Amino acid sequence: MSSHLHAQGSLPDPPDQGVAQPPVTATERALAEIWCEVLEVSQVGIEDNFFDLGGHSVLLHMIQDRIGRQLGKTPPLIDLFTFPTVRTLARRLDGDQPDDTPPVSRTIAERAGSRARLERQRARRSLSSDRAERGETRE
């Protein structure tokens with residue numbers, strides 16, 4: 001059965017344009033899990049930019065605290081701004097990113113793709129909660 005919904009007044013699910021690159025290392029997995037919890041998103045790719053996913057400075061303090069509790073090392077807040085992707089921050093935490101090495105920058109198109117994927121996830125979540133409130137089921 002198609003995942004598209006054809007009920008009255010409903011829109012079909014948009015096709016998923018961007019595919020998040022999954023975490024590989026233990027540090028990447030831990031960071032991705034923390035970001036998902038704090039940002040309230042279902043998945044985070046290792047190249048997704050924290051700020052493009054809706055992150056902001058207040059949430060960085062939550063991220064910093066959770067990293068310290070979960071990984072046993074608390075990064076300086078400036079590192080969370082300087083290394084805004086799971087991959088670059090994981091490399092920094094694991095010691096693979098020297099102090100004088102700037103983080104890998106993503107293209108504008110890649111960042112736009114991440115923002116679009118996040119908006120689709122939020123729209124689906126909002127649509128699902130609206131349907132649940134009305135007692136509708138998805139077929």
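Worth saying up front: this structure is predicted, and the values here are computed from it rather than measured.
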Would you list the pairs meeting ring-ring contact (aromatic ring centres under 6.0 Å, His included) in which at least one residue belongs to residues 52-73, sequence neighbours left out?
-> none
Begin with the C-alpha distance, continue with both residues' side-chain angles, and end with the deciding distance and a verdict on side-chain contact (heavy atoms from CB on, under 4.5 Å) for T85 and I46.
-> CA-CA 6 Å; T85 67; I46 60 172; over 6 Å; no
Quick one: pull up OG1 in T74 and CZ in R66 and give me the separation to the nearest 0.5 Å.
-> 13.5 Å
Would you find a donor on one side and an acceptor on the other, under 3.5 Å apart, between the side chain of R92 and the backbone of F83?
-> no
Considering only heavy atoms from C-beta outward, does the side chain of Q70 approach that of E33 to under 4.5 Å?
-> yes
Can you check whether G68's main-chain N or O pairs, donor with acceptor, with K73's side chain at less than 3.5 Å?
-> no
Under 3.5 Å side-chain donor-acceptor pair for D94 and T27 = yes
Atom pair CD1 (I63) and CG (L89), whose distance is rounded to the nearest 0.5 Å = 9.0 Å
Give, for atom OG of S57 and atom CG of L80, the distance between the pair rounded to the nearest 0.5 Å.
-> 11.5 Å
Would you say L31 and V44 make side-chain contact, with heavy atoms under 4.5 Å?
-> no
Hey, are the side chains of Q21 and R87 touching, using non-hydrogen atoms and a 4.5 Å cut-off?
-> yes
Atom pair CG/OG1 of D79 and T88 - distance to nearest 0.5 Å = 9.5 Å
Any side-chain heavy-atom pair of I34 and I67 under 4.5 Å = yes
Is any side-chain heavy atom of L59 less than 4.5 Å from a side-chain heavy atom of L39?
-> yes
Is a side-chain N or O of Q64 found less than 3.5 angstrom from the main chain of P75, in a donor-acceptor match?
-> yes
Which pairs pass ring-ring contact (aromatic ring centres under 6.0 Å, His included) with one or both residues in residues 23-48, sequence neighbours excluded?
-> W35-F50
